[in-house]
Amino acid sequence: MIPCEEAMEKLYEYLDGELPDLEADEVARHFEICVNCYPQLAFEKAFLDALHQAREGTRAPEPLRGRVLELLEQEGFTPSTGG
């Protein structure tokens with residue numbers, strides 16, 4: 001089994017389907033067995049799934065969107081005026 005550090009280094013490539021088959025299999029086996037790393041895999045996968053759902057047209061409630069934009073502007077972000 002590959003070490004935890006190696007599995008975590010390849011986590012995003014694994015989730016994005018960018019690893020060659022052999023490497024992907026090794027990473028998958030690691031996450032199936034390792035109780036220390038699996039929670040990180042589950043979290044990142046859920047996060048990516050949420051991003052994909054958001055891209056499919058689900059919008060955050062307007063008060064949340066406004067608050068996020070307000071916080072971003074406080075940090076120096078300037079929203080674009082284009083669509």
Rounded to the nearest 0.5 Å, what's the gap from OH on Tyr12 to CG on Leu19? Could you check? 13.5 Å
Residue pairs passing the salt bridge (charged side-chain N to carboxylate O under 4.0 Å, His left out) test where at least one lies in residues 17-40, sequence neighbours excluded: Lys10-Glu23
Taken in chain and number order and not counting sequence neighbours, the residues that satisfy side-chain hydrogen bond (donor to acceptor under 3.5 Å, both in side chains) with Tyr38 are none
Near Glu5 CD, under 6.0 Å, is it more than 12 heavy atoms from other residues, nucleotides or ligands? no
Would you say Leu64 and Leu72 are hydrophobically clustered, going by side-chain heavy atoms of ILVMFWY under 4.5 Å? yes
Do Leu41 and Val27 make a side-chain contact, defined as non-hydrogen atoms from C-beta onward lying under 4.5 Å apart? no
From Cys37 SG over to Glu6 CD, what is the distance, rounded to the nearest 0.5 angstrom? 11.0 Å
Output the rest of the hydrophobic cluster of Ile33: all Ile, Leu, Val, Met, Phe, Trp and Tyr residues reachable through side-chain heavy-atom contacts under 4.5 Å, sorted by chain and number. Met1
State, yes or no, whether a side-chain contact exists between Leu11 and Phe31 at a heavy-atom distance under 4.5 Å. yes
Look up atom CG in Asp49 and atom NZ in Lys45, then write down how far apart they are to the nearest 0.5 Å. 4.0 Å
Looking only at atom types and distance, does a side-chain atom of His30 sit under 3.5 Å from a main-chain N or O of Ile2, one as donor and one as acceptor? yes
